[in-house]
Amino acid sequence: MIPPVLFFLIFKYYPMLNAALAFKDYNVIKGIWGSPWVGFKHFQLFFENPQFWTLVKNTVLLSGYLILAGFPIPIVLALMINEIRGGRFKKFVQLVSFAPYFISTVVMVSIIMLFLAPRLGFANIALNYFGLESINFLGEPGMFRSIYVWSDIWQTAGYNAVIYLAALAGVDPTLYEAAKVDGASRFQKIRHVDLPGIVPTIVIILILNVGNVMALGFEKVYLLQNPLNLVNSEIIATYVYRIGLLNANYSFATAVGLFNSVINLVLLLTVNGLAKRLTKNSIW
């Protein structure tokens, strides 16, 4: 256990001490601990920023959309794969659905841009073939969230389904035998045996997903951004990068990051408590 414990202590817990930077006016010469304390100045600047509610709204809507659309699909995919009887075909389906997970974010964004290009993209070529006008998909603010979410689902659904397949493998086989004796159909087995068997896993994954609502991935959003869709694509993570890091305002960037972490912690504790009360399953 020593290597992973050291990893978390050095790279996760020790850096938390530097969160004090959010309450200071950082000076490069004086360092973090030598810089003067300014209290909640940077938090106040962020809360009073005209973009504050827009950033929070964009972050919550994009993350909420991703959870609502993306959370059930791996479960359904795992249940479907589990019902496949042919060994080779089952492995083929798993490979095809799992493979996109290994595509890097930069390559994934390049694929999306090429696929949705206004003139030569496959999507617009198909629209033109049916007599429809080309659409600048990435230039339409209203389409940004759907492009982000459904491309993410395509990329990660197979990987997430593996977790549920592992949970399904742990279901007691005697339950299937009893259901067969009772004359249960496939759908009844899924409803009364498979789903109850993976409920603990579903609840834990849901709690972790909700706990990361405000911690939306920076790379893909930033790479898909352009001046036309910025009204819907600017989230807290990209704002911190633009305002805090590019302008070397490290104290402000730390304050916004700490705000994000606190909101995530509150959501995690709340959802974990509700799950424990309603389903008797929780992280702790």
Side-chain angles (χ1 to χ4, degrees), residues 12 15-16 18-26 38-72 105 109 112 137-153 156 205-275 283:
K12 300 295 181 180
M16 287 183 185
N18 295 325
L21 189 62
F23 306 95
K24 291 171 169 279
D25 261 337
Y26 180 63
V38 293
F40 291 93
K41 170 187 171 182
H42 300 293
F43 292 95
Q44 186 176 355
L45 288 174
F46 180 53
F47 296 151
E48 292 177 351
N49 191 309
Q51 286 186 282
F52 172 74
W53 288 112
T54 300
L55 295 170
V56 172
K57 182 192 74 174
N58 288 345
T59 304
V60 171
L61 287 178
L62 185 57
S63 189
Y65 186 179
L66 185 59
I67 292 175
L68 289 174
F71 183 73
T105 303
V109 171
I112 294 171
F137 290 95
L138 290 174
E140 292 288 338
M143 293 185 176
F144 176 83
R145 295 187 185 110
S146 294
I147 293 170
Y148 178 93
V149 168
W150 291 104
S151 62
D152 193 82
I153 291 172
T156 61
I205 298 298
L206 179 61
I207 292 170
L208 294 174
N209 285 349
V210 173
N212 286 316
V213 163
M214 301 294 287
L216 204 62
F218 161 78
E219 296 89 352
K220 188 176 177 182
V221 175
Y222 181 72
L223 292 171
L224 285 173
Q225 277 183 349
N226 61 56
L228 296 176
N229 64 30
L230 205 60
V231 64
N232 279 351
S233 65
E234 184 78 307
I235 60 173
I236 292 176
T238 56
Y239 177 78
V240 168
Y241 174 73
R242 294 178 193 277
I243 305 301
L245 300 182
L246 291 184
N247 293 343
N249 193 347
Y250 302 119
S251 295
F252 181 79
T254 306
V256 179
L258 186 58
F259 165 77
N260 245 3
S261 300
V262 170
I263 297 299
N264 282 331
L265 178 61
V266 171
L267 288 172
L268 181 64
L269 293 173
T270 303
V271 175
N272 187 75
L274 289 173
I283 298 177

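We're numbering straight along the sequence, starting at 1.
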**Q** With rounding to the nearest 0.5 Å, note down the distance linking CG in Asn272 to CG in Leu268.
**A**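 Answer rounded to 0.5 Å: 6.0 Å.
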**Q** What heavy-atom pair brings Ala22 and Leu258 nearest, and what distance separates the two atoms?
**A**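 Answer, listing the atom of Ala22 first, then Leu258: CB-CD2, 4.2 Å.
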**Q** Using modelled atom types and a 3.5 Å cut-off, is there a donor and acceptor pairing between side-chain atoms of Ser63 and backbone atoms of Thr59?
**A**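 Checked: no pair found.
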**Q** Quick one, Asn232 and Met143 - any side-chain contact, counting heavy atoms below 4.5 Å?
**A**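 No; the side chains remain at least 4.5 Å from each other.
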**Q** Using 30° and 60° as the class boundaries, would you call the ring planes of Phe40 and Phe43 parallel, tilted or perpendicular?
**A**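 Rings of Phe40 and Phe43: tilted, 30 to 60°.
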**Q** Would you indicate whether the side-chain heavy atoms of Ile205 and Phe71 approach each other to under 4.5 Å?
**A**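 Side-chain contact under 4.5 Å: yes.
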**Q** Are Val221 and Leu62 close enough that some pair of their side-chain heavy atoms sits under 4.5 Å apart?
**A**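 Val221 vs Leu62: side chains touch.
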**Q** Measuring from atom CG of Leu228 to atom CG of Leu138, what distance do you get when rounded to the nearest 0.5 angstrom?
**A**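 Taking CG in Leu228 and CG in Leu138, the distance rounds to 9.5 Å.
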**Q** Side-chain donor-acceptor pairs under 3.5 Å in residues 235-251, sequence neighbours left out?
**A**
from: Thr238; atom 1: OG1; to: Gln225; atom 2: NE2; distance (Å): 3.3
from: Thr238; atom 1: OG1; to: Glu234; atom 2: OE1; distance (Å): 2.7
from: Thr238; atom 1: OG1; to: Ile235; atom 2: N; distance (Å): 3.1
from: Thr238; atom 1: OG1; to: Ile235; atom 2: O; distance (Å): 2.9
from: Tyr239; atom 1: OH; to: Asn49; atom 2: ND2; distance (Å): 2.5
from: Arg242; atom 1: NE; to: Glu234; atom 2: OE1; distance (Å): 3.3
from: Arg242; atom 1: NE; to: Glu234; atom 2: OE2; distance (Å): 3.4
from: Arg242; atom 1: NH2; to: Gln225; atom 2: OE1; distance (Å): 2.2
from: Asn247; atom 1: ND2; to: Ile243; atom 2: O; distance (Å): 3.4
from: Asn249; atom 1: OD1; to: Phe252; atom 2: N; distance (Å): 3.4
from: Ser251; atom 1: OG; to: Leu21; atom 2: O; distance (Å): 3.4
from: Ser251; atom 1: OG; to: Lys24; atom 2: O; distance (Å): 2.7
from: Ser251; atom 1: OG; to: Tyr26; atom 2: N; distance (Å): 3.0

**Q** About how many Å separate CG of Leu269 and CD1 of Ile207, when rounded to the nearest 0.5 Å?
**A**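 Rounded to the nearest 0.5 Å, the CD1-CG separation comes to 10.5 Å.
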**Q** Side chains of Tyr148 and Ile112, heavy atoms from C-beta outward: is any pair under 4.5 Å?
**A**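 Not in contact.
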**Q** Return the set of residues passing side-chain contact (heavy atoms from CB on, under 4.5 Å) with Val38 (not counting sequence neighbours), or none when no residue passes.
**A**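 side-chain contact (heavy atoms from CB on, under 4.5 Å) list for Val38, sorted by chain: Asp25, Lys41, His42.
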**Q** Does Val109 have any side-chain contact (heavy atoms from CB on, under 4.5 Å) partners at least two apart in sequence or in another chain, and if so, which?
**A**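 Partners of Val109 by the side-chain contact (heavy atoms from CB on, under 4.5 Å) criterion, ordered by chain and then number, come out as Thr105, Met113, Lys220, Leu223, Leu224.
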**Q** Are any non-hydrogen side-chain atoms of Asn229 and Asn226 less than 4.5 angstrom apart?
**A**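 Yes, at least one pair of side-chain atoms sits under 4.5 Å.
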